[in-house]
Student: 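Sharing a structure with you now.
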Amino acid sequence: MKNELKIYNSYTGQKEVFKPVHEGRVGMYVCGPTVYSDVHLGNCRSFASFDIVYRYLQYLGYKVRYVRNITDVGHLEGDADIGREDKISKKARLEEIEPMEIVQRYMNGFQEIMAVFNISPPNIEPRATGHILEQIEMVQAIIDNGLAYEQNGSVYFDTLKFAEKYGVYGKLSGRKIEDLMAESRDNLKNQDEKRHPSDFAIWIKAAPEHLMRWGSPWSVGFPGWHLECSVMSTKYLGETFDIHGGGADLKFPHHENEIAQNYGACGHAPANYWMHGNMLLMNGRKMSKSEGNSIMPGELFTGNSSLISKGYSPMVVRFFMLQTHYRSTLDLTDEALQAAEKGYRRLMEGNKALQQFDVASLKLATEGGDLDKEINSLIDLAFEDMSDDFNTPKALASLFELVTKVNSLKGGQLSFGEITATTLERLKKTFNDFIYDIFGLRDEDFDSSGNGVVDGLMQLILDMRQDARASKNWAASDKIRDALKELDIVVKDGKEGASWSKN
RNA sequence: GGUCGGUUGGCCGAGUGGCUAGGCAGAGGUCUGCAAAACCUCGUACAGCGGUUCGACUCCGCUACCGACCUCCA
């Protein structure tokens, strides 16, 4: 373990030192997507944030079991929670195909996009429809514990009793049960099956037209909105696990009710640390499906949207997200993306240059001086910042300062004679670790052959240009440079010869 | 309406009771056959009004504006 890891716990509202339930192991559950339409970029931000958490925990040496569900039961639509079609059934009816076909299509699409963003797949990706039995069992357990009641084939969680018994309903979202009662008074008419307005359904009797339905002791129906996460986290991570994550918009009611259900079934909260990622904004407003201001990843990559001037690659977008802390909102703008594109390239080019430094053939210091010290403190700082609630923007700032050092070493403004081999090796390793393992960035070279053909060809071309330059044949050398520029390849002349990058 | 959060230089975005965030853009310079890249230097920002303090962008209060949740949402 490099540093003491601190995590901001939404449940207590404080940054806390992370202590796993089992030494060296971490159980982490993140609420996954509802697969009734294409993922939009806001979803991606959330999963990218937790990908960093997952990656960094592993980097610190923890053995992590990461569970992220797929909600394929479909959540209810409309004002009331009874008698309405769920989203997946509705879509299925519109498209005249099986609900499971819808689920499969969008689940595939989701996983493809996750892969494009280099977001690691979880260790277990359980589906709600595959855990109907367990959900029924949990409903029964909650009833047995006296915290739920049946009404006309549906089962409701008794929030008032829960509040009396444990006194924690509303703790996560900062809500009071009296407020919940007061604000629900208006739509009381829609909720006559409930004993209390803040009660919520954990099993719902299916209306005749409802397509997704399963038998249960209470009715042919389907599980309630929040039950699957309680069930699946408990099944795969145990009754008490370490980290529960999700978007900030899930705090209430989803996570609040999840906590209630776990108390109802097990007598205690499911997770020790709750983490909430903040929203991705578009034009200052939360990007959401219902607002209609969401941009699909594909549109962002191709530039096929009126909101942006050009396409941005997946890694540029990933880098863009890293520049903001996960608990802050992130406003998506074309200008910011352009800045991120340049920044991403600077970082990656810097790393490329760094990795080409050959420790064996360089004249390095035997004893480090100020520069050596400075480099080491910047590296230390980057890790400290990551360990301070996953502060990726701060860690990036240190890396960028190191990029300047690297470029100065390359350009001769700083001397290799000022740093030791140990430090240079450490710097090289740190960059690779951060960029690839922790931040999950990828090179976006266009050499898809994977065997360096393009690199080889480019080296040949640059050699030929160098020959032309040596004989002061500027016409020939400029012709090569201009022709490459047409192909979006930029030639960069340096002290140690020319290099290139794709624009 | 209730609850919570935000307001940082041209843009994005960290952070802190007194000390350089970082990226992008801009200006000047070095280097270069030219250019690009790279390097160096620069702008000296923290919504407004009060208060606490030796000192506040950072703490407290008020005001303004913005947003999130309260309904499916990452």
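A, B, ... follow the sequence lines: proteins, then strands. Residue 1 opens every chain. Just so it is clear, the structure is predicted and the values come from calculations on it, not from any experiment.
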Student: Could you work out the separation of B/rG67 and B/rG10 based on their P atoms and round it to a whole Å?
Tutor: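 Each nucleotide's P atom is 22 Å from the other's.
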
Student: Between B/rA74 atom C1' and A/F47 atom CZ, what is the distance in whole Å?
Tutor: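 After rounding, the reported distance stands at 5 Å.
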
Student: Indicate whether any N or O donor in one side chain lies under 3.5 Å from an N or O acceptor in the other, for A/Y106 and A/D72.
Tutor: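 A/Y106 vs A/D72: no donor-acceptor pair found between side chains.
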
Student: Rounded to whole Å, how long is the line connecting atom NE2 of A/H255 with atom C1' of B/rC69?
Tutor: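 After rounding, the gap between these two atoms is 13 Å.
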
Student: Please check if any side-chain donor atom of A/D334 sits under 3.5 Å from a side-chain acceptor atom of A/Q338, or the reverse.
Tutor: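 Yes, a side-chain donor-acceptor pair sits under 3.5 Å.
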
Student: What distance, rounded to whole Å, do you find between the two C1' atoms, one in B/rU41 and one in B/rA35?
Tutor: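 Comparing C1' positions in B/rU41 and B/rA35 gives a spacing of 22 Å.
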
Student: Got a sec: does the NZ of A/K251 have more than 12 other heavy atoms crowding it under 6.0 Å?
Tutor: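 Result for NZ/A/K251: enclosed.
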
Student: Between B/rU7 and B/rA14, how far apart are the C1' atoms? Round to whole Å, please.
Tutor: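 Here B/rA14 and B/rU7 have their C1' atoms 15 Å from each other.
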
Student: Rounded to whole Å, how long is the line connecting atom CG of A/L281 with atom C1' of B/rC73?
Tutor: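 Whole-Å distance recorded here is 14 Å.
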
Student: Could you give the distance separating B/rG15 and B/rC59 at their P atoms, to the nearest angstrom?
Tutor: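 Looking at atom P only, B/rC59 and B/rG15 are 13 Å apart.
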
Student: Generate the contact string for nucleotides 33-42 of chain B. Rules: B means base contact, S means sugar-phosphate contact only, - means no protein heavy atom under 4.0 Å.
Tutor: BBBBBSSS--

Student: Taking atom C1' in both B/rC57 and B/rC46, what distance in whole Å separates the two?
Tutor: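 So the two C1' atoms sit 4 Å from each other.
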
Student: On RNA chain B, compare the nucleotides closest to A/A339 and A/C31; which residue's is nearer the 5' end?
Tutor: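 So the residue in question is A/A339.
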
Student: We want to know whether A/S305 and A/E299 form a side-chain donor-acceptor pair, criterion being a heavy-atom distance below 3.5 angstrom.
Tutor: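 No, because no side-chain N or O of A/S305 sits under 3.5 Å from a partner of the opposite role on A/E299.
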
Student: Please state how far atom CG in A/D249 lies from atom P in B/rC73, giving the value in whole angstrom units.
Tutor: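 Computing the A/D249:CG to B/rC73:P distance gives 8 Å.
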
Student: Expressed as a whole number of angstroms, how long is the span from A/L280:CG to B/rC73:C1'?
Tutor: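 So the CG-C1' distance, A/L280 to B/rC73, works out to 13 Å.
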
Student: Quick one: do the A/D51 and A/S120 side chains pair a donor with an acceptor below 3.5 Å?
Tutor: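 Result is yes, a qualifying pair exists.
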
Student: Determine whether A/E256 and A/S198 make a side-chain contact, defined as any pair of heavy atoms from C-beta on separated by less than 4.5 Å.
Tutor: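 No - every pair of side-chain heavy atoms lies 4.5 Å or more apart.
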
Student: Answer yes or no: is there an ion pair linking A/D199 with A/K194, defined by an N-O contact shorter than 4.0 Å?
Tutor: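 Here A/D199 does not pair with A/K194 in a salt bridge, since their nearest N and O are not under 4.0 Å apart.
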
Student: Using a 4.0 Å heavy-atom cut-off across all strands, classify A/G284 as base, sugar-phosphate, or nothing.
Tutor: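 Touches sugar-phosphate only.
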
Student: Going by side chain to side chain donor-acceptor pair (under 3.5 Å), A/S313 matches just one of A/E444, A/R442, A/E341, A/R318. Which one?
Tutor: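 Per the side chain to side chain donor-acceptor pair (under 3.5 Å) rule, the option paired with A/S313 is A/E444, out of A/E444, A/R442, A/E341, A/R318.
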
Student: Of the options B/rC69, B/rG22, B/rA74, whose atoms approach the side-chain atoms of A/K286 most closely?
Tutor: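 Within the option list, the nearest is B/rC69.
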
Student: Which value, in whole Å, describes the distance between the P atoms of nucleotides B/rA64 and B/rA56?
Tutor: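 Taking atom P in both B/rA64 and B/rA56, they lie 26 Å apart.
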
Student: So which one's nearest nucleotide on RNA chain B is more toward 5', A/G42 or A/F319?
Tutor: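 Looking at RNA chain B, the more 5' nearest nucleotide goes with A/F319.
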
Student: Between atom NE2 in A/H254 and atom P in B/rC70, what is the gap in whole Å?
Tutor: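 Those two atoms, NE2 and P, are 13 Å apart.
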
Student: Looking only at the side chains, is there a donor atom on one of A/R346 and A/T404 sitting less than 3.5 Å from an acceptor on the other?
Tutor: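 There is such a pair between these side chains.
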
Student: Taking the P atom of each, how far is B/rG43 from B/rG28, in whole Å?
Tutor: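 The same atom, P, in both gives a distance of 16 Å.
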
Student: Tell me, for nucleotides 12-20 of chain B in 5' to 3' order, what letter each nucleotide earns: B for a base near a protein heavy atom under 4.0 Å, S for only sugar-phosphate near one, - for neither?
Tutor: SSSS-----

Student: Run the side-chain contact (heavy atoms from CB on, under 4.5 Å) check on A/I70 and A/M232 step by step: do they pass?
Tutor: CA-CA 10 Å; A/I70 294 276; A/M232 296 188 289; over 6 Å; no

Student: Is the shortest side-chain N/O distance from A/R45 to OP1 or OP2 of B/rA74 below 4.0 Å?
Tutor: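 It does not, given that no N or O in the side chain of A/R45 lies less than 4.0 Å from OP1 or OP2 of B/rA74.
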
Student: Under a 3.5 Å threshold, yes or no: a donor from one side chain and an acceptor from the other, between A/Y8 and A/D388?
Tutor: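 Distance-only check fails for A/Y8 and A/D388.
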
Student: Do the side-chain N and O atoms of A/T71 and A/N69 include a donor-acceptor pair separated by under 3.5 angstrom?
Tutor: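 Yes.
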
Student: Round to the nearest Å and state the distance from A/Q338 atom CD to B/rG26 atom P.
Tutor: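 Going from CD in A/Q338 over to P in B/rG26 covers 11 Å.
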
Student: NA contact type, A/G277, heavy-atom cut-off 4.0 Å: base, sugar-phosphate, or nothing?
Tutor: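 No contact.
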
Student: Of all the base pairs, Watson-Crick or G-U under 3.5 Å, which form stems of three or more consecutive pairs involving RNA chain B?
Tutor: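 Correct response: B:1-7 with B:64-70, B:10-12 with B:22-24, B:26-30 with B:38-42, B:47-51 with B:59-63.
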
Student: Taking the side chain of A/N43 as its heavy atoms from C-beta onward, which of B/rC73, B/rA68, B/rA25 lies nearest to it?
Tutor: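 The answer is B/rC73, which lies nearest to the side chain.
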
Student: Between A/F117 (CZ) and B/rA74 (P), how many Å, whole number?
Tutor: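 Those two atoms, CZ and P, are 15 Å apart.
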
Student: When the C1' atoms of B/rG22 and B/rG13 are considered, how many whole Å apart are they?
Tutor: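 To the nearest whole Å, 8 Å.
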
Student: Students often get this wrong, so: under 4.0 angstrom with heavy atoms, is A/G245 touching a base, only sugar-phosphate, or nothing?
Tutor: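 No contact at all - A/G245 keeps every heavy atom at 4.0 Å or more from the nucleic acid.
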
Student: Under 3.5 Å, is there a donor-acceptor pair between the side chain of A/D242 and the main chain of A/G27?
Tutor: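 Yes, the answer is positive, given that a donor and an acceptor are paired below the 3.5 Å cut-off.
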
